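All figures in this text were calculated on a predicted structure; none of them were measured in a lab. A, B, ... follow the sequence lines: proteins, then strands. Residue 1 opens every chain.
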Amino acid sequence: MHRFVKLLLAAALAAPLAAPAAFAHAFLDHAAPGVGMTVSGAPRELRLYFTQGVVTAFSHVHVLSAAGAAIPASKPVNDPSDQTIIIVRLGRALPPGTYTVSWHVVSVDTHTTQGIFSFTVS
Amino acid sequence: MSHKASIACAGAFAAAATLAGIGPALAHTIVGNRVFPATLAIDDPGVNDELGLPMFTYIPNPDNSNEYDFNFAYQKTITYDLSFSVADTFSHMTNALKPDGSFGTLNGWKNLRTQLKYVPYQNAEHEFIVSAAASFEWGHTGNASVGADPFTSITAKVFFGKGFGDLEAEWLRPFAVTGEIDYTWSTHPIDVTGVDPDTGLVLIDRRPTVLTYGATLQYSLLYMNSNVHEVPEFFRHLIPTVEAVFSMPVSNIGPSVLGAVPGTHEVTGTVQPGVFYIGRLGGVSFEIGAEALIPINRASGKHAGAVAILDFFLDDMFPDSLGKPLFGAREPRAAAGLY
């Protein structure tokens with residue numbers, strides 16, 4: 001029994017040393033425009049900041065108007081300097097209104113996460 | 001053990017079951033957009049690869065002893081919906097009744113516990129999950145002086161979790177509830193310990209069958225930040241939670257004993273308000289949680305205690321080795337080939 005606990009302790013102490021740098025579920029940390037926020041102006045792109053690196057080839061982001069109409073947008077791409085950020089360029093500047101963003105991403109370790117949020121353009 | 005003491009054990013068994021928690025509470029669970037943290041009074045409803053190292057509990061016992069427990073637990077997924085876990089607790093007790101009849105300090109391991117847990121159903125869209133487990137506390141693997149039983153006990157468990165992200169009202173979406181119901185019985189429910197020299201009556205030691213039930217109410221700022229409204233950096237890692245767990249002997253109890261604490265048929269339990277922090281430091285994914293441990297009556301504890309946990313998420317830290325199931329894909333959607 002005591003040997004078993006010693007093994008657990010050793011594993012825990014070794015864990016921070018052996019862990020890779022960027023593996024985990026990718027949760028949305030924040031976004032621009034922000035989750036639930038009201039922005040002025042007409043945004044031309046969405047930026048989603050995740051807690052982990054995201055593989056854009058297996059990820060999707062959709063933007064809908066308040067009426068449920070799909071807003072034309074590019075496929076998500078990573079920020080060249082940071083794999084935790086994905087960028088979606090909008091096909092047109094968004095007029096005032098409330099928009100819903102639904103995202104589904106696959107992190108670099110293949111965990112999938114998803115979510116929905118809205119923002120308002122004043 | 002005297003007849004009166006034997007009967008009082010029924011209540012004590014229930015109290016101990018409650019205060020020690022009702023299982024190896026160690027796994028966090030992700031269902032759809034919802035993260036259910038590893039809770040402390042009851043186990044969360046999912047299976048995962050996780051190392052609980054340790055969970056610390058301070059319990060002021062009804063008999064005026066103070067108990068400090070260090071719970072170690074490891075859970076390993078066999079498939080994405082089936083896990084095996086092993087746990088044990090080192091107990092340090094002060095002002096405790098020793099075997100020689102004096103009061104002093106006691107140290108020792110409690111019995112080894114193992115558990116097999118299965119998730120038959122989960123619904124990502126509605127953040128709903130149900131699971132069941134069979135748990136064994138192995139007799140004679142711990143130190144009797146700190147309460148380790150010489151006989152094995154078996155517990156059948158049912159769990160559920162529900163996040164309210166599918167509600168219309170935005171302010172309600174961060175809420176979630178989880179629950180657990182346990183039914184515990186001993187493999188040695190009645191033991192004849194001797195004959196009373198005064199009365200000639202047979203002395204019986206009973207280990208009652210115990211029903212334990214608990215629930216948590218969570219308000220996830222983690223969820224709020226990602227899905228409803230951004231919150232400041234520190235707060236977006238927090239999940240304020242209130243837990244409650246109750247335990248009662250239901251059979252093989254024996255007659256009531258006047259003045260016994262805990263009472264022979266008494267319900268014991270705790271209410272545990274607290275908060276969890278889920279974060280990362282370098283490559284280490286972890287959870288820190290702390291709760292007050294408030295006894296619901298005198299039989300459940302002399303006064304408030306505390307419980308805290310440091311938990312490592314192995315599925316995040318070692319996704320290609322320790323953190324993945326032994327067999328099959330990691331997640332059901334991967335198995336379905338949806339990405």
| message | With a strict 4.5 Å heavy-atom criterion, list every residue of residues 34-42 of chain A that contacts chain B, or say none. | response | A/G34, A/V35, A/G36, A/M37

| remark: Honestly, the part of B/V35 sitting under 4.5 Å from a heavy atom of chain A is side chain

| Got more than 12 heavy atoms from elsewhere within 6.0 Å of CD, B/E125? | no

| Around atom OH of B/Y58, are there more than 12 heavy atoms of other residues, nucleotides or ligands at under 6.0 Å? | yes

Drop me the distance from [X]'s [atom1] to [Y]'s [atom2], to the nearest 0.5 angstrom.
| X | Y | atom1 | atom2 | value |
| --- | --- | --- | --- | --- |
| A/L28 | B/E230 | CG | CD | 8.0 Å |
| A/F27 | B/I278 | CZ | CD1 | 7.5 Å |
| B/N33 | A/I116 | CG | CD1 | 7.0 Å |

| Can you name the closest pair of heavy atoms from A/D29 and B/N225 and give their distance? | O-ND2, 2.6 Å

| field | Minimal non-hydrogen separation, A/Q114 against B/G32, with atom names | value | NE2-CA, 3.9 Å

